[in-house]
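To find a chain, count down the sequence lines: A is the first, B the second, and so on, and within it residues start at 1. Here the structure is a predicted model, which means the values were calculated and not measured.
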There are 2 protein chains.
Amino acid sequence: MTAQKMAVIRALEEAGRTHPTADTVYALAKRHLPSIALGTVYRNLTKMAETGEVIKIAVPDGADRFDMDVSDHMHILCVKCGKIYDIEEKDVKVEISSVPAGAELIRFDVMAKCICADCKAV
Amino acid sequence: MTAQKMAVIRALEEAGRTHPTADTVYALAKRHLPSIALGTVYRNLTKMAETGEVIKIAVPDGADRFDMDVSDHMHILCVKCGKIYDIEEKDVKVEISSVPAGAELIRFDVMAKCICADCKAV
DNA sequence: ACAGAAATAAGAACTATTCCTAAAATAAAA
DNA sequence: TTTTATTTTAGGAATAGTTCTTATTTCTGT
């Protein structure tokens, strides 16, 4: 546990449920540890994604997003503004009855797409 | 319908169920229309994704993939080799009982992750 | 045939991400 | 505590994927 990793975690905490990009995490982390480098943020996030401490969310037309909440929940992306909202586990049900022969299932990511309330209002 | 768009569609057909990247589509299209440019392939694919003629699949750690099969099916990605397999609609069930207030749901993409048979064998 | 509109090729530009290297921090050994 | 080895970092260069720009070409309607 280095000071840099701590700054990254703190940044993720501050970002709350906004599903920040690596760049946003970098900006937030820099406030506490001005010397931190973007590459370091990427490395830590990538490593944390590998160990399951965070979730990395690939979105079409944009940078990857990160989520501290590794609980079993889903995401819904507004295709207009790009904001990502959470859908609680209890509100979504996924069942897969068949996977390609011999494959070992690791995890699901459900990415729904919507036009969010804010964007519909415009 | 331009010759370029036709070449892109033909390339997608040839790619079959391999979920090609834009680059692969470009390479395939070039065989029939050597003058085609990568930018043109991107533009056509992007437009087709907007109109729903193809599906654009964002994958973590890699280029976007495209799928001619716009029927309601799901994808499963091997985290080792990056291959994407299909899961037929009948084999997966997704239910969402609640979306963020005021949001209009557009579509789902379920991206499961696995280690595929080929990679397990190694 | 001609004017205007839409689509293209080519490559420059841009963004997100990874890689490289030397320096710094940390841990282990003496 | 000094020395050595290991890990991690900052900084920036390099790369990959994608978009944008511009001049040119192709279509469309008259």
Side-chain angles (χ1 to χ4, degrees), chain A residues 1-12 15 18-51 53-67 77 79-84 111, chain B residues 1-12 15 18-51 53-67 77 79-84 111:
Chain A
M1 174 60 69
T2 66
Q4 286 79 7
K5 179 167 178 184
M6 249 158 64
V8 167
I9 290 173
R10 206 163 152 192
L12 285 168
T18 62
H19 309 88
T21 61
D23 217 62
T24 305
V25 173
Y26 172 57
L28 290 169
K30 223 173 160 59
R31 296 221 287 243
H32 302 297
L33 188 62
S35 69
I36 199 169
L38 179 58
T40 303
V41 170
Y42 267 104
R43 187 163 18 74
N44 276 290
L45 286 174
T46 301
K47 204 173 294 182
M48 287 165 80
E50 277 164 11
T51 62
E53 292 168 87
V54 300
I55 289 174
K56 184 183 199 172
I57 312 166
V59 294
D61 313 311
D64 290 348
R65 315 282 282 261
F66 295 87
D67 192 347
L77 166 79
V79 295
K80 278 218 160 175
C81 66
K83 272 204 284 289
I84 294 183
M111 169 64 83
Chain B
M1 174 61 69
T2 66
Q4 287 78 6
K5 180 167 178 185
M6 248 157 64
V8 167
I9 290 173
R10 204 162 152 194
L12 284 168
T18 61
H19 308 90
T21 61
D23 219 61
T24 304
V25 174
Y26 172 57
L28 290 171
K30 223 173 160 56
R31 296 221 287 242
H32 303 296
L33 188 62
S35 69
I36 199 169
L38 179 57
T40 303
V41 171
Y42 268 105
R43 186 164 17 77
N44 277 291
L45 286 174
T46 301
K47 203 172 291 180
M48 287 165 81
E50 277 163 11
T51 61
E53 290 168 89
V54 299
I55 290 174
K56 184 183 196 172
I57 311 166
V59 294
D61 313 311
D64 291 347
R65 315 282 282 261
F66 294 87
D67 192 347
L77 167 78
V79 295
K80 279 218 162 176
C81 65
K83 273 204 286 287
I84 293 182
M111 170 64 84

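For A:Glu53, the side chain to side chain donor-acceptor pair (under 3.5 Å) test picks out A:Lys5, A:Thr51, with sequence neighbours left out. Scored by the side chain to side chain donor-acceptor pair (under 3.5 Å) test, B:Lys83 finds no partners at all (sequence neighbours excluded). The salt bridge (Lys or Arg N to Asp or Glu O under 4.0 Å) search around A:Asp61 returns B:Lys56, not counting sequence neighbours. The side chain to side chain donor-acceptor pair (under 3.5 Å) search around B:Arg10 returns B:His32, not counting sequence neighbours. Under the side chain to side chain donor-acceptor pair (under 3.5 Å) criterion, A:Thr46 pairs with no residue, sequence neighbours left out.
The two atoms that bring A:Pro60 and A:Leu77 nearest to each other are CD-CD2, 4.1 Å, heavy atoms only. Here the closest non-hydrogen pair linking A:Ala11 and A:Ala29 is CB-N, 3.7 Å. Summarising the geometry of B:Ile84 relative to B:Arg65, their closest heavy-atom pair is CD1-CG, 3.7 Å, with the distance given to 0.1 Å. Contact record, B:Pro20 with B:Ala15: CG-CB, 3.6 Å, taken as the closest heavy-atom pair.
Listed by residue number, B:Ala63, B:Asp64 are the residues of residues 56-65 of chain B with a heavy-atom contact under 4.0 Å to DNA chain D. If you check residues 24-42 of chain B against DNA chain D, the residues with a heavy atom closer than 4.0 Å are B:Leu38, B:Tyr42, listed by number.
Counting 5' to 3', DNA chain C first comes under 4.0 angstrom of a heavy atom of chain A and last does so at the ends given by C:dA16 to C:dT18. From the 5' end on, the contacts that DNA chain D makes with chain B at under 4.0 Å to a non-hydrogen atom open and close at D:dG17 to D:dT19.
Between B:Val54 and the choices B:Val25, B:Asp67, B:Leu12, the side chain to side chain contact (heavy atoms under 4.5 Å, CB included) rule is met once, by B:Leu12.
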Quick one: side chains of residues 34-42 of chain A, donor-acceptor pairs under 3.5 Å with protein atoms, not counting sequence neighbours, listed by atom name and distance.
| residue | atom | partner | partner atom | Å |
| --- | --- | --- | --- | --- |
| A:Thr40 | OG1 | A:Arg43 | NH2 | 3.3 |

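In terms of position along DNA chain C, the nucleotide closest to A:Thr21 lies nearer the 5' end than the nucleotide closest to the other residue of the pair A:Arg43 and A:Thr21.
The CG atom of A:Asn44 sits 5.5 Å away from the OG1 atom of A:Thr2 when rounded to the nearest 0.5 Å. Annotation: the span from B:His19 atom NE2 to B:Ile55 atom CD1 amounts to 9.0 Å, rounded to 0.5 Å. From A:Ile57, atom CD1 reaches atom OG1 of A:Thr21 across 11.5 Å, with rounding to the nearest 0.5 Å.
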Kindly determine whether B:Met6 and B:Leu33 satisfy side chain to side chain contact (heavy atoms under 4.5 Å, CB included), including the steps that lead there. CA-CA 10 Å; B:Met6 248 157 64; B:Leu33 188 62; over 6 Å; no
Note, DNA chain D 5' to 3' with Watson-Crick or G-U pairs under 3.5 Å encoded as ( ), [ ], | and . gives ||||||||||||||||||||||||||||||
